[in-house]
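Start at 1 with the first residue, then count along the sequence.
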Amino acid sequence: MSNREKPAIPPDMIAFNRTVIDEYRKTNGKQAGGMTGRHFILLTTTGARSGEPRTAVLGYGRHGDDVVVIASDNGAVGHPKWYLNLLAKPDATVEVDGEKFEARARTARPEERDELAKVVPYLENQQKLTEREIPIVVLERIDR
């Protein structure tokens, strides 16, 4: 992907995400600093190998009652770990707009992609960064 520049990411993404997660949880979803005005969720999956909870910070869109995310990993060659975790165990916890709920994840079917892509407008730019088809993931609320 020679002529395509990847988005700027912090040099220590783990530390950056840890800070964002802590801030999000302390403020019940209200962000300050560099994340002010950004729309994202916290997605907690179960590690496929470790069995431990793993939380990722992800941009999202809404489609009806569902939350929609893309497994881009900033255009990486392989799928992000959180997506692999969901393939192994699709139940997850979503934190969005100060609300926390359980969800079941599924990869969008081919016939849904065009419709769902409309709610994650950055998919097109992310797709240009990689040869693999970036999965669109639908997080469906589990009523308990």
Exercise for the section: Tell me, with the steps shown, if Glu95 and Ile41 meet side chain to side chain contact (heavy atoms under 4.5 Å, CB included). Expected result: CA-CA 6 Å; Glu95 294 172 69; Ile41 66 166; over 6 Å; no
[atom2] on [Y] to [atom1] on [X], rounded to 0.5 Å:
X	Y	atom1	atom2	answer
Lys81	Leu86	NZ	CG	14.5 Å
Gln127	Ile134	CD	CD1	4.5 Å
Leu139	Arg106	CG	CZ	10.0 Å
Lys128	Leu123	NZ	CG	11.0 Å
Thr44	Arg54	OG1	CZ	11.0 Å
Tyr60	Asp66	OH	CG	13.5 Å

For [X] and [Y], which heavy atoms make the closest approach, and how far apart are they?
X	Y	answer
Ala105	Val137	CB-CG1, 4.0 Å
Ile142	Asp91	CD1-OD1, 3.7 Å
Gly51	Thr46	O-CG2, 3.5 Å
Ala56	Trp82	CB-CD1, 4.0 Å

Practice task
Would you check, one step at a time, whether the test side chain to side chain contact (heavy atoms under 4.5 Å, CB included) holds for Phe40 with Leu58?
Solution key: CA-CA 5 Å; Phe40 61 90; Leu58 303 171; 5.9 Å; no
Problem - Check: Val138 and His63 side chains under 4.5 Å, non-hydrogen atoms - result: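 No; the side chains remain at least 4.5 Å from each other.
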Exercise for the section: State, yes or no, whether a side-chain contact exists between Val68 and Ile136 at a heavy-atom distance under 4.5 Å. Expected result: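 Of all side-chain heavy-atom pairs linking Ile136 with Val68, at least one is under 4.5 Å.
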Problem - Audit row: Arg132, Val77, side chain to side chain contact (heavy atoms under 4.5 Å, CB included) steps and yes/no - result: CA-CA 7 Å; Arg132 70 180 169 89; Val77 174; 5.9 Å; no
Handout entry: Pair Arg141 + Glu102, salt bridge at N-O below 4.0 Å
Key =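 Answer for the salt bridge query: no.
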Practice task
Verify, without hydrogens or angle tests, whether Thr130 (side chain) and Ala76 (backbone) share a donor-acceptor contact under 3.5 angstrom.
Solution key: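 Answer holds: yes.
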Handout entry: Donor-acceptor contact present, side-chain Asn85 to main-chain Ala48, <3.5 Å
Key =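 It does hold such a pair.
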Exercise for the section: Walk me through it: do Thr93 and Phe101 pass the test side chain to side chain contact (heavy atoms under 4.5 Å, CB included)? Expected result: CA-CA 6 Å; Thr93 303; Phe101 60 89; over 6 Å; no
Problem - Residue list, salt bridge (Lys or Arg N to Asp or Glu O under 4.0 Å) with Arg109, at least two apart or on another chain - result: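 Arg109 satisfies salt bridge (Lys or Arg N to Asp or Glu O under 4.0 Å) with Glu111, Glu112 once adjacent residues are dropped.
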Exercise for the section: State, without any angle test, whether Tyr83 and Thr107 hold a side-chain donor-acceptor pair at a distance under 3.5 Å. Expected result: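 Tyr83 vs Thr107: donor-acceptor pair found between side chains.
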